[in-house]
Amino acid sequence: MSNTPFGFNRPGDGDDDDRPQDPFKGMGGDMAQFADMLHRFADMIGAQGAGGGGGGPLNWDLAKNIARHTVVEQGDPSVVDAERRQVEEALRLADLWLDEKTTLPAGIRTPQAWSRSEWIEQTLPVWAKVCDPIATRMVESMGGALGGGEIPADMQAMAGPLIGMVKQMAGAMVGGQAGQALGGLAREVTGSADVGLPLAPDGVGALVPAGVEAFGAGLEVSADEVRLYLALREAAHQRLFTHVPWLRAHLLGAVEEYARGITVDLSGIEQAVQGLDLSNPEALQEALGGEIQLQPEETPRQKAALARLETALALVEGWVDTVVNEAAEGRLPGSVKLAEAVRRRRATGGPAERTFATLVGLELRPRRLREAAVLWRTLTEARGTQGRDAVWDHPDLLPTADDLEDPDGFVHGRDEIEGLSDLDWSDLTKAEDEKPDDKGPGDEPGPDDGGPRA
């Protein structure tokens, strides 16, 4: 941006005689024009529903309206009674099959079928928690870049209303981008848990019939099989979200921690508003309509937050893959093809990747998901279903990012550590004393060398 924000001159810039006595003349008009501009801003923001959707930094009322418009304009069929019954039956049958493959109880008390608009409505409260931290940074950054920190102190009182409205406009802009992202996501999801986050209300498991149909297109698998396989995935997610009490806070906290380290690249917006006539609010609105670029900070804390978030999401999806494919094996002839379709969707950039990249500045790595699935399968083989699921008892038991690199080491290493706790130290000492002496001359420990004592 220019060094003279919004046309204000700094003290000492040029001769005093050249400075306009009315500071608002520097913005292309006099005080009356400025007042008129503020009224037009207020009208425009009010027309966009700028209430913040609950007082937060992001205009969620606007986001919801844009998201719903996005899905409706491309077709959002209502769920008919037959589809609703099919979904409810599929979710109940899925839970029966999962009972044999996991010790976690069923988590769905209310099976539901949603239209795409209903998906937006039902999941919006959680999206607000996920996106508000980064939205706060974006709105504050825009407010500062567009004049908050640059205006001289004696001008702050006069410019305050404008800066406040610019921040409101920024909230509306961010809300618009969030709405577009969620609207695009709603056209691709098959249920409430596609992105690995607990988006549905407590006890609710849901499928989106239009999304289920789109997912199965071209797979040459019957619609009933597709629905049941996706119901298995939905039901497996809900078991985790319902019966692992710390998991919701862990996942949403990981997203929030990562979002704290995001910076906002405003260079495009700064160029757009350079020399802009602020007495024309429509022009300012257009200038603020560009896409915001999110940049993660390259700090140790940010890298640790990223690893924590990627690992948590990968572990959820890897566990779901494991139990679902076990439950579907021998029951659904097309299960291998359906599992491959899920993997292919991830590898080519599925809805989770695009939504996180747009809303949080994060691109998920499919490699982490594959490694997590390998780890859970290895745990199942080594410890059985009960031992595998016991890892969810506490967050400290979860594998780390390093463990995903070496699943065998995690599984067998932890078994060895747990095995040591069951030994009696006197037995260990006795075993050490009974070992054959194969040391060479000069290798005998001295009295002060430490080691086991009787």
Side-chain angles (χ1 to χ4, degrees), residues 79-115 118-119 122-123 188-216 219 221-244 247 315-343 345-346 350-352 369 373 376-377 380 385-386 388-389 392:
V79 179
V80 299
D81 289 341
E83 290 174 322
R84 201 175 304 279
R85 287 193 299 270
Q86 289 172 337
V87 166
E88 292 174 356
E89 291 170 1
L91 289 170
R92 291 192 179 101
L93 180 57
D95 265 331
L96 288 176
W97 289 3
L98 289 173
D99 283 340
E100 303 173 9
K101 301 300 179 181
T102 174
T103 59
L104 295 177
I108 299 177
R109 298 189 301 273
T110 309
Q112 294 183 357
W114 291 341
S115 67
E118 288 172 328
W119 181 91
Q122 294 288 340
T123 64
E188 298 183 6
V189 294
T190 63
S192 77
D194 292 52
V195 298
L197 293 175
L199 298 178
D202 290 345
V204 173
L207 292 182
V208 180
V212 172
E213 181 180 356
F215 178 86
L219 294 181
V221 178
S222 72
D224 289 341
E225 278 195 62
V226 173
R227 186 186 308 108
L228 190 46
Y229 185 83
L230 296 174
L232 283 166
R233 294 187 56 81
E234 177 74 13
H237 278 101
Q238 297 309 326
R239 289 183 181 230
L240 279 180
F241 297 150
T242 301
H243 297 292
V244 180
L247 184 57
L315 288 172
V316 168
E317 291 302 294
W319 184 88
V320 168
D321 280 356
T322 300
V323 298
V324 165
N325 292 333
E326 287 181 1
E329 186 177 3
R331 289 188 169 111
L332 296 179
S335 62
V336 174
K337 188 178 292 186
L338 290 164
E340 178 59 31
V342 171
R343 286 192 292 269
R345 196 182 195 197
R346 291 171 180 157
L369 302 180
W376 289 119
R377 288 196 298 269
T380 307
T385 299
Q386 185 171 359
R388 177 200 66 201
D389 293 348
W392 293 108

Using modelled atom types only, decide if a donor and an acceptor are shared between the side chain of W376 and the backbone of L315 within a distance under 3.5 Å. yes
Short side-chain to backbone donor-acceptor contact, Q238 and G107, under 3.5 Å: no
Looking only at heavy atoms, what is the nearest atom pair of T322 and A373, with distance? OG1-O, 3.7 Å
Grab the two heavy atoms, one from K337 and one from L219, that are nearest each other, plus how far apart they are. CD-O, 3.0 Å
Please list, chain by chain and in numerical order, all residues satisfying side chain to side chain contact (heavy atoms under 4.5 Å, CB included) with A90, sequence neighbours excluded. R227, L228, A231
Donor-acceptor contact below 3.5 Å, side chain H243 vs main chain A106: yes
Rounded distance [0.5 Å steps], CD in Q122 versus CD in Q112: 6.0 Å
Are any of the side-chain heavy atoms of Y229 and N325 separated by less than 4.5 Å? yes
Please test D194 against R345 for side-chain contact (heavy atoms from CB on, under 4.5 Å), starting from the C-alpha separation and ending with a verdict. CA-CA 11 Å; D194 292 52; R345 196 182 195 197; 3.6 Å; yes
To the nearest 0.5 Å, how far apart are CG in L230 and CG in L338? 7.0 Å
How far does CG of L199 sit from CZ of F241, to the nearest 0.5 angstrom? 7.5 Å
Can you list everything that forms a side chain to side chain donor-acceptor pair (under 3.5 Å) with D389? Sequence neighbours excluded, please. T102, T103, W319
Please walk me through it: do S192 and E234 pass side chain to side chain donor-acceptor pair (under 3.5 Å)? CA-CA 7 Å; S192 77; E234 177 74 13; 2.5 Å; yes
Output the distance between atom CZ (R331) and atom CG (L232), rounded to the nearest 0.5 Å. 8.5 Å
Do any pairs count as a salt bridge (Lys or Arg N to Asp or Glu O under 4.0 Å) and have a residue in residues 316-325, sequence neighbours left out, and if so which ones? R233-E317, R233-D321, E317-R346, D321-R346
For E340, the side chain to side chain contact (heavy atoms under 4.5 Å, CB included) test, sequence neighbours excluded, returns R343, R344
Heavy-atom closest contact (G196 atom, H237 atom, distance): CA-NE2, 4.3 Å
Please report the closest heavy-atom contact between V320 and L240, naming both atoms and the distance. CG2-CD1, 4.5 Å
Does some side-chain heavy atom of F215 sit less than 4.5 Å from a side-chain heavy atom of V208? no
Side-chain contact, heavy-atom cut-off 4.5 Å: D202 with R109? yes
With heavy-atom distances below 4.5 Å as the criterion, would you say the side chains of W114 and V79 are in contact? no
Sort and list the pairs that fulfil salt bridge (Lys or Arg N to Asp or Glu O under 4.0 Å) and have at least one residue in residues 88-97, not counting sequence neighbours. D95-R239
With rounding to the nearest 0.5 angstrom, report the CG to CG distance, L91 to L96. 11.5 Å
Calculate, to the nearest 0.5 Å, the distance between atoms CH2 and CD belonging to W119 and E188 respectively. 10.0 Å
For E225, enumerate each residue passing the side chain to side chain contact (heavy atoms under 4.5 Å, CB included) test, keeping only those at least two apart in sequence or located in another chain. V221, S222, L332, P333
Should we say atom CD of E213 is surrounded by more than 12 heavy atoms from elsewhere, each under 6.0 Å from it? no
Between A236 and V323, which heavy-atom pair has the shortest distance, and what is it? CB-CG2, 4.0 Å
